2 protein chains.
Amino acid sequence: MALFDLLGRHWAMGVLWTLNEIGPSTFRRLQDECETISPATLNKRLKELQVAGFVHRAEGGYATTELGRDLYERLRPLGEFSKDWARHLSNL
Amino acid sequence: MALFDLLGRHWAMGVLWTLNEIGPSTFRRLQDECETISPATLNKRLKELQVAGFVHRAEGGYATTELGRDLYERLRPLGEFSKDWARHLSNL
DNA sequence: TCACTTGCTATGCTTTCTGTAGCGCATTAA
DNA sequence: TTAATGCGCTACAGAAAGCATAGCAAGTGA
């Protein structure tokens, strides 16, 4: 699955998620929101996500495309799941 | 998101996905199905997925837990998406 | 002109993955 | 009893990816 290859890289899902959550933002803003990401990695991920058609440059910096928002919607179940998962881990 | 950290590693989602698709299977079978994964990495991912509670050892080798199947269900939208995505990329 | 912000790039180091080989153990067949 | 097979890994060595930090070049605003 080529999608897993793209998303299965450090910060790929995190960047897409964050960009959807905070809306269009500059490189530096995104870097701050992602806290521990390095600029080199952020830059790389952003380029990959642009080639993939999930992100593009817009007013206000980087933003998700329609396709990127679509993908985000399908990523959201994972967000919910992660709560269930946290509960599971604490019930050990 | 701790889940993204776990799943955002080379082959993490692929292993989980494959294990759900083919059912309980041996280390070697899994290695074959994943085609290009190296044994060291497969081993590492399997350990991580076990600690996370998504995979356990069972009759027939490795298998997904109920939680792992739950996660798989939430991963499936990505599988569908990847078809839309392929269509999008070919329509450029 | 000068300070400030922006999007990066550069450097050097650590961590992660890969490809290939093969070990130790268990089961099976001769 | 021995040989063959399949099993789950482990052991390297080299390549690639990531990190932290520093800083540059271009644009903007005062």
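Letters go in sequence order (proteins before strands), and every chain restarts at 1. None of these values were measured; they are calculated from a predicted model.
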Do A:F4 and B:L78 make a side-chain contact, defined as non-hydrogen atoms from C-beta onward lying under 4.5 Å apart?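 The answer is yes, as the side chains (C-beta and beyond) meet within the 4.5 Å cut-off.
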- Contact check, side chains of B:F54 and B:L6, non-hydrogen atoms, under 4.5 Å: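 Answer yes - side chains close enough.
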So, is A:R45 near the phosphate of D:dG18, with a side-chain N or O under 4.0 Å from OP1 or OP2?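 It does, given that an N or O in the side chain of A:R45 lies less than 4.0 Å from OP1 or OP2 of D:dG18.
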Should B:K47 be listed as having a side-chain N or O under 4.0 Å from OP1 or OP2 of D:dT10? yes
Gap between atoms [atom1] and [atom2], on [X] and [N] respectively (whole Å):
X     : N      : atom1 : atom2 : result
A:I37 : D:dG18 : CD1   : P     : 9 Å
A:W11 : D:dC19 : CH2   : C1'   : 12 Å
B:E48 : C:dT16 : CD    : P     : 9 Å
A:Q31 : D:dT21 : CD    : P     : 12 Å
B:R28 : D:dT5  : CZ    : C1'   : 10 Å
B:N43 : C:dG19 : CG    : P     : 16 Å
B:H10 : C:dT15 : NE2   : P     : 20 Å
B:D5  : D:dC19 : CG    : C1'   : 14 Å

Considering every strand and a 4.0 Å limit on heavy-atom distances, what is the contact class for A:T41: base, sugar-phosphate, or nothing? sugar-phosphate
With a non-hydrogen cut-off below 4.0 angstrom, is B:R57 in contact with a base, only sugar-phosphate, or nothing?
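Sugar-phosphate contact only.
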Electrostatic pair B:D84:B:R87 at N-O distance under 4.0 angstrom =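 Looking at B:D84 and B:R87, the cut-off is met.
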- Consider the side chain of A:P39, meaning its heavy atoms from C-beta on, and name the nucleotide among D:dC19, D:dG8, C:dT9 that approaches it most closely.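 Closest of the options to the side chain of A:P39: C:dT9.
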- Item | Identified side-chain contact (heavy atoms from CB on, under 4.5 Å) partner of A:T18 from the options A:L16, A:V15, A:I22 |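 Answer after filtering A:L16, A:V15, A:I22: A:I22.
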